[in-house]
Asks: 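After the structure tokens below, expect a handful of questions from me.
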Amino acid sequence: MIDLRSDTITQPSEEMRKVMSEALVGDDVYGEDPSINELEEFAASLFGKEAALFVTSGTQGNLAAVLAHTRPGQEIILDKESHLFLYEGGGASALAGAQLRILDHERGQMKIEEIEASIRAEDIHFPETGLIWLENTHNRSGGNVLPLSYMKDVYALAQRNNIPVHIDGARIFNAAAASGTSVEEIASYADSVQFCLSKGLGAPVGSILVGTQQLIDSARKKRKMLGGGLRQAGVLAAPGLHALKTNIDRLKEDHENAKMLAEAIEEHTPLSVVNTVETNIIMADTTGTGKNSGEWLSVFKNNGIQAGAMSPTIIRFTTHLDLSKEDVQNTIDLLKNL
Ligand SMILES: *Cc1c(COP(=O)(O)O)cnc(C)c1O
């Protein structure tokens, strides 16, 4: 079975398991886990930020960021298809008391004028705007990269208004690889970034939040509150560090594979690819084919291919570390014979 459901399904490699078994560990709540400390220092320097925090998941990293940046009742400006709004169980509202101000977007970009118009003025009736939220790459629009010039404009607007900016960068390394820039440059237009070790980078567990020392100190306390203070978790951090050192450069292969697959889907199936494939995600529309997403997923599954449904009409294919060039060729052959 060729699994294109998500880049989260990758298995830790032999090498990674070896790194895990040999990891030095200590009690991280006491700040004494050498492997976690090394990972956090490495991540902070990679992003050009003062400090970093290892968290159990992207969802926990985003929530810790919301808790550290905002007070209950404050508003977060974000796009209406952002992961925080759609897929994090309402945690920002339920657990941080944040009010979400959702805006339209195109390929993950909210209009600068609309962000500006949504920033709350000083008025006894109004909530305060506490945070501006961007997602890069943008999952729902098919892994699109936010242009640096856009990030720069949003950050300048935020700074003029004294509002922090957070990037949900679950796939920020894909963004950097696709646009030929560094995560440090992307992160220079934000106060904090969350990124996933467990997606394209291929680690089994975890995410990282980076930002100023002050923000990370606060987030560390919030993470404890959320039950995310870990003990000898160096066995989980070590594969993350290994992934950061070995699996970044190869992400462009995932992007090439996604482009090849997208062409094959267009050519050999009645589905139409509706996103510009910039990174590792393909969105295919089933409209007019006589079958909905669920029915197409069964057809694919019966032919050895697994994909995911994003909606009743849209199917998502994701390329990743455990999908070789040969697997892509096999997938294309399977598509031809559907
Ligand atoms: C996967 C993802 C997350 C959350 O990560 P988990 O580790 O699954 O909690 C957050 N934001 C985006 C854009 C994602 O794709």
Side-chain angles (χ1 to χ4, degrees), residues 4-10 12 39 43 53-67 76 78-92 94-96 98 100 102 105 107-110 131-146 151 165-178 183 186-187 190 192-210 219 222-223 226-228 230 233 236-237 239-240 243-244 251 254 258 275 278-283 308-310 314 316-321:
L4 297 161
R5 286 173 301 167
S6 176
D7 47 8
T8 57
I9 58 96
T10 56
L39 171 63
L53 179 70
F54 180 59
V55 289
T56 55
S57 67
T59 300
Q60 188 180 65
N62 281 341
L63 182 54
V66 171
L67 284 161
I76 303 174
L78 76 175
D79 82 78
K80 69 179 186 189
E81 287 192 302
S82 56
H83 196 280
L84 182 75
F85 180 59
L86 292 180
Y87 301 126
E88 299 186 16
L95 303 171
L100 302 184
I102 53 167
H105 73 96
R107 297 153 63 89
Q109 299 169 50
M110 302 169 277
L131 188 59
I132 296 173
W133 191 274
L134 299 176
E135 188 176 304
N136 194 10
T137 63
H138 193 261
N139 179 31
R140 281 291 307 193
S141 41
N144 288 124
V145 180
L146 301 186
M151 305 242 1
V165 173
H166 174 81
I167 301 175
D168 177 354
R171 297 189 178 84
I172 199 166
F173 286 98
N174 296 87
V183 290
I186 301 175
S192 58
V193 181
Q194 178 279 121
F195 70 92
C196 291
L197 297 161
S198 59
K199 291 192 172 162
L201 296 178
V205 177
S207 280
I208 303 260
L209 179 67
V210 296
K222 306 302 185 187
R223 183 191 66 173
L226 296 171
L230 301 174
L236 301 178
L244 282 176
L251 286 170
D254 293 346
N275 66 322
E278 293 180 51
T279 58
N280 66 330
I281 296 175
I282 302 160
M283 298 288 202
M310 286 302 257
I314 302 282
R316 188 182 81 164
F317 301 84
T318 312
T319 58
H320 51 74
L321 178 61

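Numbering of ligands and ligand atoms starts at 1, following listing order. Throughout, residue positions are numbered sequentially from 1 according to the sequence presented.
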Asks: Do S207 and Q194 have side-chain N/O donor and acceptor atoms under 3.5 Å apart?
Replies: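 A pair is found: one side chain offers a donor N or O, the other an acceptor, under 3.5 Å apart.
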Asks: Which part of H138 is near ligand 1, with near meaning a heavy atom under 4.0 Å away: side chain, backbone, both or neither?
Replies: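 The answer is neither.
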Asks: Grab the two heavy atoms, one from S192 and one from H166, that are nearest each other, plus how far apart they are.
Replies: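 In terms of heavy atoms, the two residues are closest at OG-ND1, 2.8 Å.
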Asks: Please could you name the atoms of ligand 1 that T59 approaches to less than 4.0 Å, counting only its heavy atoms?
Replies: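 What qualifies from ligand 1 is 4 (C), 5 (O), 6 (P), 9 (O).
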Asks: Could you tell me, atom by atom, which parts of ligand 1 come under 4.0 Å of a heavy atom of R171?
Replies: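 In order of number, 15 (O).
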Asks: Taking the six-membered ring for Trp, are H138 and H105 parallel (under 30°), tilted (30 to 60°) or perpendicular (over 60°)?
Replies: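 Taking H105 first and then H138, their aromatic rings sit tilted (interplane angle of 30° to 60°).
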Asks: Checking a contact table here: which protein heavy atom is nearest atom 14 (C) of ligand 1, and how many Å away?
Replies: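 Here the nearest protein heavy atom works out to K199 NZ, 2.7 Å.
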Asks: Taking 4.0 angstrom as the limit and counting only heavy atoms of N62, give me the atoms of ligand 1 inside it, by number and element.
Replies: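 Atoms satisfying the 4.0 Å criterion: 10 (C).
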Asks: Is any NZ, NE, NH1 or NH2 atom of the basic residue among R171 and D7 found under 4.0 Å from an Asp or Glu carboxylate oxygen of the other?
Replies: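 Yes, R171 and D7 are salt-bridged.
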Asks: Less than 4.5 Å apart, any side-chain heavy atom of N280 and any of H320?
Replies: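 They are not in contact (no side-chain heavy atoms under 4.5 Å apart), so the answer is no.
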Asks: Check each heavy atom of L84 against ligand 1 and say whether those closer than 4.0 Å belong to the side chain, the backbone, both or neither.
Replies: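 Looking at L84 and ligand 1, no heavy atom falls under 4.0 Å.
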Asks: Could you list which atoms of ligand 1 come closer than 4.0 Å to a heavy atom of E135?
Replies: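 Checking each atom against E135, I get 13 (C).
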Asks: Does Q60 approach ligand 1 within less than 4.0 angstrom via side chain, backbone, both or neither, non-hydrogen atoms only?
Replies: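 Answer for Q60: neither.
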Asks: Could you grab the distance from atom CG of L134 to atom CG of D168, nearest 0.5 Å is fine?
Replies: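 Answer rounded to 0.5 Å: 10.0 Å.
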Asks: At a 4.0 Å threshold, what atoms of ligand 1 neighbour a non-hydrogen atom of A170?
Replies: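 Going through ligand 1 atom by atom, the ones under 4.0 Å from A170 are 2 (C), 11 (N), 12 (C), 13 (C), 14 (C), 15 (O).
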Asks: Would you check if there is a donor-acceptor pair between the side chains of N62 and H83 at a distance under 3.5 Å?
Replies: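 There is no such pair (donor and acceptor under 3.5 Å, judged by atom type) between the side chains of H83 and N62.
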Asks: Of all the atoms in ligand 1, which lie at a distance below 4.0 Å from a heavy atom belonging to G58?
Replies: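 Checking each atom against G58, I get 4 (C), 5 (O), 6 (P), 7 (O), 9 (O).
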Asks: Answer with side chain, backbone, both or neither: which part of S57 has a heavy atom less than 4.0 angstrom from an atom of ligand 1?
Replies: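 It is both backbone and side chain that touch ligand 1.
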Asks: Check D168 against ligand 1 and report side chain, backbone, both or neither, counting heavy atoms closer than 4.0 Å.
Replies: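 Just the side chain.
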Asks: So, does T279 use its side chain to make a donor-acceptor pair with the main chain of G143 at under 3.5 Å?
Replies: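 A pair under 3.5 Å: yes.
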